[in-house]
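Read the structure below first, then the notes.
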Amino acid sequence: DALQMTDELLAQNSNFAEAWYQRGEAMLGDGQCFEAIADWQRTLECDPYHFPAAFSMSQGYLEIGDLPSAIACLRETLSIHPHFEYARTQIQHLEREFREQTDH
């Protein structure tokens, strides 16, 4: 239902950032990580200050195992919303995890 509703909204206005964001959330919930990431990217193209989309995109990248991209999205989240401490903590954790993976 969520996908159908967001598709209808986007058919009326393809620059509706929140509809792209919600569509991405629905896509992720449906297990379509790559499509979700693309929708969140489109959200940020429509609204460069939509920090929930940047944060969700980091989670999508984590789902597919792309730590560098997840870290980059978290940094983008912080550039939009510098007081989002959870994103800062996640960056530290993921950078440590990435170093451990590449040290082996």
Side-chain angles (χ1 to χ4, degrees):
D1 288 344
L3 287 173
Q4 181 181 352
M5 288 176 26
T6 55
D7 285 343
E8 289 172 11
L9 286 170
L10 291 167
Q12 295 171 18
N13 180 358
S14 63
N15 292 318
F16 188 5
E18 188 62 23
W20 284 110
Y21 172 72
Q22 293 299 331
R23 187 172 183 269
E25 293 294 316
M27 288 287 190
L28 186 66
D30 198 30
Q32 299 180 55
C33 294
F34 292 100
E35 292 84 352
I37 291 167
D39 285 350
W40 294 321
Q41 182 61 48
R42 183 73 172 118
T43 303
L44 290 167
E45 290 168 6
C46 295
D47 177 3
Y49 300 104
H50 199 294
F51 76 90
F55 183 75
S56 290
M57 198 160 40
S58 74
Q59 302 309 300
Y61 279 118
L62 283 176
E63 287 286 321
I64 62 172
D66 185 345
L67 289 178
S69 294
I71 293 167
C73 289
L74 287 166
R75 285 195 175 112
E76 184 172 0
T77 302
L78 282 177
S79 75
I80 300 166
H81 184 10
H83 302 293
F84 191 19
E85 289 302 317
Y86 182 71
R88 191 176 323 281
T89 303
Q90 279 290 93
I91 289 170
Q92 293 168 351
H93 169 75
L94 294 176
E95 284 177 337
R96 188 171 40 253
E97 186 176 326
F98 184 68
R99 277 193 308 273
E100 289 172 2
Q101 286 180 2
T102 56
D103 286 344
H104 294 105

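Hydrogens, waters and symmetry mates are skipped; everything else that's a heavy atom, side chains included, is used.
Here the straight-line distance linking atom OH of Y49 with atom CD1 of I80 works out to 9.0 Å at 0.5 Å rounding. Note that CG of L74 is 11.0 Å distant from OG of S79, once rounded to the nearest 0.5 Å. Here the CD1-CD distance, from I64 to Q59, works out to 12.5 Å after rounding to the nearest 0.5 Å. Going from atom OH of Y61 over to atom SG of C33 covers 11.0 Å, rounded to the nearest 0.5 Å.
By the rule that hydrophobic residues join a cluster once side-chain heavy atoms approach within less than 4.5 Å of another member, F16 and F51 end up as members of separate clusters. By the rule that hydrophobic residues join a cluster once side-chain heavy atoms approach within less than 4.5 Å of another member, F98 and L94 end up as members of one cluster. Transitive grouping of hydrophobic side chains (ILVMFWY, heavy atoms separated by less than 4.5 Å) brings L67 and L28 into a common cluster.
At a threshold of 4.5 Å between non-hydrogen side-chain atoms, the residues L62 and Q90 count as touching. L44 places a side-chain heavy atom less than 4.5 Å from the side chain of M57. Counting heavy atoms from C-beta on, the side chains of R42 and N15 come closer than 4.5 Å. Taking 4.5 Å as the limit, every side-chain heavy atom of F34 sits out of range of all side-chain heavy atoms of M27.
A donor-acceptor pair under 3.5 Å links the side-chain atoms of R88 to the main chain of P82, judged by distance alone. Of the possible polar contacts, one joining the W20 side chain to the S14 backbone as a donor-acceptor pair under 3.5 Å is found.
Residue pairs meeting the salt bridge (Lys or Arg N to Asp or Glu O under 4.0 Å) criterion with at least one member in residues 68-80, sequence neighbours excluded, are R75-E95. Screening residues 51-62 for salt bridge (Lys or Arg N to Asp or Glu O under 4.0 Å), with sequence neighbours left out, gives no hits.
Between A17 and D47, the shortest heavy-atom contact is CB-CB, 3.6 Å. The heavy-atom pair separating A26 from A2 by the smallest distance is CB-CB, 4.0 Å. Listed here is the closest heavy atom pair of L10 and A19: CD2-CB, 3.7 Å.
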Start with the C-alpha gap between I91 and L78, add the side-chain angles, then the distance that decides, and say whether side-chain contact (heavy atoms from CB on, under 4.5 Å) holds.
CA-CA 10 Å; I91 289 170; L78 282 177; 3.5 Å; yes
Does the side-chain contact (heavy atoms from CB on, under 4.5 Å) test come out yes or no for R96 and E100, once each step is laid out?
CA-CA 6 Å; R96 188 171 40 253; E100 289 172 2; 3.8 Å; yes
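With sequence neighbours left out, Q22 forms a side-chain hydrogen bond (donor to acceptor under 3.5 Å, both in side chains) with E18.
Side-chain contact, E8 with Q12: no donor N or O sits under 3.5 Å from an acceptor N or O.
Ring-plane geometry between H50 and Y21 is classed as tilted, the angle between the planes lying from 30 to 60 degrees on a 0 to 90 degree scale. By the 30° and 60° cut-offs, the orientation of the rings of H83 relative to H81 is perpendicular.
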